[in-house]
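Counting starts at 1 for both ligands and their atoms, in listed order.
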Amino acid sequence: MDNAGEALSSRRKRQRLIFMDNTDDDMIHTGTLLELDLLDCPICCHPLTSPIFQCVNGHLVCSSCHPKLRNKCPSCSLTIGNNRSRIAERLLEAVLVPCRNAKHGCPERYPHGKELADHEKICDLYVCYCPAKNCNHSAFQLDLYCHYTACHKASCSRYKTGQYADAWLNIEEKVLVLQECDNEELLVLQCFKGAHGLYVAVNLMTYSVPDVWELGYDLIYRWGNEEFTYETDEMTKIQRVSFEAPVVNYMVIPYYALDKRSVVKLEIRIRGLRKDVEEENDEDEDEDEEED
Ligand SMILES: [Zn+2]
Ligand SMILES: [Zn+2]
Ligand SMILES: [Zn+2]
Ligand SMILES: [Zn+2]
């Protein structure tokens, strides 16, 4: 139904119709811009954030990369001082990007950046693939957990947000689906055989708690008197189960601690990080916006 390369984490050349509104006049002028990447910082590849700085050659850099550059442009090595790119800043403000699920009927549009990414994470019209083994069902995020509950409920491990639960992960099967007892949210506990041990990570499949900003998790593995723990405030959102080893956010259990077991018992706790708390913190950091 949808393209595998569309996972939220993937970066590729994005060509989405973007609307640029200019309401200064009585007439509303609207244009389109096709290369969304033009609004990404060439250094960190994240959406540009104001103030946007430029070197003497006009290369742009975002507000978070700028202080790390020590006045030297990474593209041309010339000076990058405190010269702002007003045109890029205006462009950023004027652009509204439709949700990536517009083709499925989502009407939402946001400025390019975090707000858009946050919406896309919880957008009901995001297409996901059922994480159950040998099931090829794809559905909107909104419908996938209902499908899972109806068809595969017996094969998953249940948890309650905020509480520790035992999860029995079969190393050969590599995947254990976790489902929240109340809101039926789906997570996938996965393991990969790495060079230094077994890599274990929890990925987010469907998101059903709109008042929660991010999900984090804690993992504990016990072996004799040894305890291996892992804590993170970030969970990767996936569109389908992949068997590629994670690059970030994973726990490593050294092979000696597995005792050649084929099933390992992990204690897992999912934490919901509240949206309002995050926003309060953000406000403290916000600088006053500078007017032209
Ligand atoms: Zn940057
Ligand atoms: Zn430059
Ligand atoms: Zn949407
Ligand atoms: Zn299924």
Within one Ile-Leu-Val-Met-Phe-Trp-Tyr cluster: Tyr250 and Tyr221, side-chain cutoff 4.5 Å: no

Minimum-distance atom from the Zn ion (ligand 4) among N, O or S atoms of His147: NE2

Whether His66 has an N, O or S atom under 2.8 Å from the Zn ion (ligand 1): no

Degrees at the Zn ion (ligand 1) between the SG atom of Cys62 and the SG atom of Cys44, nearest 10°: 110°

Cys151 N/O/S atom closer than 2.8 Å to the Zn ion (ligand 4): no

Linked, directly or transitively: Tyr199 and Tyr230 (ILVMFWY side chains, under 4.5 Å): no

His66 and Phe53 aromatic ring geometry - parallel, tilted or perpendicular at 30°/60° bounds: parallel

Whether Cys41 has an N, O or S atom under 2.8 Å from the Zn ion (ligand 1): yes

Sphere of radius 2.8 Å around the Zn ion (ligand 3) - protein N, O or S atoms inside: Cys99 SG, Cys106 SG, His119 NE2, Cys123 SG

CD/Glu244: more than 12 non-hydrogen atoms of other groups inside 6.0 Å: no

The Zn ion (ligand 4) contact by Cys130, N, O or S atom under 2.8 Å: yes

Ring geometry between His147 and His152 (parallel below 30°, tilted from 30 to 60°, perpendicular above 60°): perpendicular

Glu172 and Lys193 ion-paired at < 4.0 Å: yes

Heavy-atom closest contact (Asp259 atom, Trp223 atom, distance): OD2-NE1, 2.8 Å

Asn136 atom CG, over 12 foreign heavy atoms within 6.0 Å: no

Backbone or side-chain N/O/S of Cys45 under 2.8 Å of the Zn ion (ligand 1): no

Carboxylate-amine/guanidinium contact Glu267 Arg222, below 4.0 Å: yes

